[in-house]
Amino acid sequence: PGADDADPHHALLDDDAHGLMSLRGCPARARGGATLEAPALWSAEEPNLYSLVVELVAPGSGGEDVLDVETCLVGLRSVSIEGGLLRVNGAPLTIKGVNRHEHTAEGGKAVSWESMLLDATMLKAYNFNAVRTAHYPNTDAWYEICAAVGLYVVDEANLETHGFSSWGDEGYLSKQPSWRHAYLSRMTRMVRRDKNSPCVIVWSLGNEAGYGEAHELLAAWARREEPSRLLQYESCGGLAPTDILCPMYPTVEQYRRMDTLPGQLGPSSVNGNGSPTRTWPARADGFAASRPLIPCEFAHAMGNSTGNYADWWELFASLPYAQGGFIWDWADQGLHQTDPKTGKHFWAYGGDFECKQHDAQFCINGLVFPDRTPHPALHEVKHVHRPVDVALLSAEPAAEPAAGKRRSAFRVRISSRYDHLPSLAHLSLRCGLEVGGVEVGEAAPLESGGGGWRAVGARDSCEVDLEVVWDPALAPYRPSEVYLALCFTLSEESAWAAAGHEVAAVQLHIDAA
């Protein structure tokens, strides 16, 4: 029998291959649904996935004659804006994001599955939770990997007309009716291909294509076709096509202003980047709701950069609608070359290919080298992104218990910066007292009832007492600095790192020990 005569069966399976849902006899092009009781929801912190299995069976065979079987991983989650904040499964997010080009040192834009897996696991290991596919949809395996390890994705349409800025209007094509179909086809292909990827939480209408009627068309189509996700577009400011205010390299003054409703509705003359070719008017359709503020590009990571990254996150924490942002960008886009004269390896870019017109080092602005060796700045970013933080509340003067040793007592506040995890049970904690850079004793948390610090839920905290017995003889002569050092590591292997991987490390300065 042909496929049109066959009988499709659908089933949803959990990790243990237990059937949770079964639909039989559904027409091949029909939409079906079922209700799951207390499903395990997907998020970047808890990337729970189910297997969707579709069987094509011969009619009248009672399901015994299977003609074809297809399966894919699916995740269940909701995306919304409530109270002006981007939320997944009802919880507000903190976007610790980065822009990522598809690039490897050996293959250029031809990326392997192994290279994508390396990128995803490194991003998780360095405390990122989101990626913007700058500036085009990625190969489909990238979305499968992001769903499996737990990374939110802003999926960006392959639309950019930045070159028209030299003509005086970056958005020239966006205003031309003859180009609307070309714009729409790029958006529709992305959405229809990726609409079942749980990691995709936002559709991007493109990058640096000015603003015109075409963007209104793209937004209207996406909201009708696939309303379960949000939209963003930088070059329209706060106009109707975007659900998220996603400025590009804003000043601190602009950023503070855009965290207010009047600021979010402002024109490019107020909120733009100063380009005379990228303009938009003030919003005047009566819209009056605050929206999330998440820069699509900031902290340009070229050269010795991102030194003020912690300052940006202090600013984010002080504003009600700020929810993080996306660093530009992940990897230096250099290519492996060998100097024929010296035989030495180097990363080639810009004018290294004897081209007269090039962008110099403006493709060398990542947090890692082309072979994914981290730049020093990546370690700073990891620390700023730490999902657990510690603050010193008190330190008692040292007492001498016996044999020339001393006992010091500290009280600290341990805070979870996770958005969804119900506890810190997946972590282990090691505390040490460092004098002059030398560890002189190990501190032990004095556990109390209720599970102690491991029971701390998302965006919550608890106070913990620490006690350390230390030997002054181990301290270097005339020490000048004393720190309480705390290190949180994975207790068990995860999908992206081995047991013992350092998730967060904090040093607390002690005036006297």
> Do the ring centers of H426 and F488 come within less than 6.0 Å of each other?
no

> What pairs meet the side chain to side chain donor-acceptor pair (under 3.5 Å) rule with one or both residues in residues 79-93, with sequence neighbours excluded?
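The answer is S80-E82.
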
> Taking the six-membered ring for Trp, are the ring centroids of Y309 and W312 within less than 6.0 Å of each other?
no

> Can the ring centroids of W313 and H383 be said to lie less than 6.0 angstrom from one another?
no

> Does the side chain of Y211 pick up a donor-acceptor pair with the side chain of E216 at under 3.5 Å?
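Judged by distance alone, the side chains do pair up.
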
> On the ring face of Y183, is R180 found with NZ or CZ under 6.0 Å from the centre and within 45° of the axis?
no

> Are H135 and E156 linked by a side-chain donor-acceptor pair shorter than 3.5 Å?
yes

> Between K175 and E213, does any NZ, NE, NH1 or NH2 come within less than 4.0 Å of an OD or OE carboxylate oxygen?
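Salt bridge: no.
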
> Test salt bridge (charged side-chain N to carboxylate O under 4.0 Å, His left out) on K195 and E226 and set out the steps.
CA-CA 7 Å; K195 63 184 178 182; E226 214 295 293; over 6 Å; no

> So Y483 and H509, would you call those rings parallel, tilted or perpendicular, with 30° and 60° as cut-offs?
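Plane angle over 60°, so perpendicular.
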
> Give me the ring orientation class for F316 and Y255: parallel if the planes are under 30° apart, tilted from 30 to 60°, perpendicular past 60°.
tilted

> Side chains of D329 and H300: donor-acceptor distance under 3.5 Å anywhere?
no

> Would you be so kind as to tabulate the donor-acceptor pairs closer than 3.5 Å made by side chains of residues 292-299, with sequence neighbours excluded?
| unit_1 | atom_1 | unit_2 | atom_2 | d |
| --- | --- | --- | --- | --- |
| E297 | OE1 | Y249 | OH | 2.8 |
| E297 | OE2 | R132 | NH1 | 3.1 |

> Using a strict cut-off of less than 4.0 Å between a Lys/Arg side-chain nitrogen and an Asp/Glu carboxylate oxygen, indicate whether R223 and D243 qualify as a salt bridge.
yes

> Flag the pair H358 / Y349 as yes when their ring centroid distance falls below 6.0 Å, and as no otherwise.
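Not close enough - the centres of the two rings lie 6.0 Å or further apart.
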
> Listing request: all side chain to side chain donor-acceptor pair (under 3.5 Å) pairs with a residue in residues 115-126, at least two apart in sequence or in separate chains.
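Output for this query lists R100-D119, S112-S115, D119-W330, D119-R372.
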
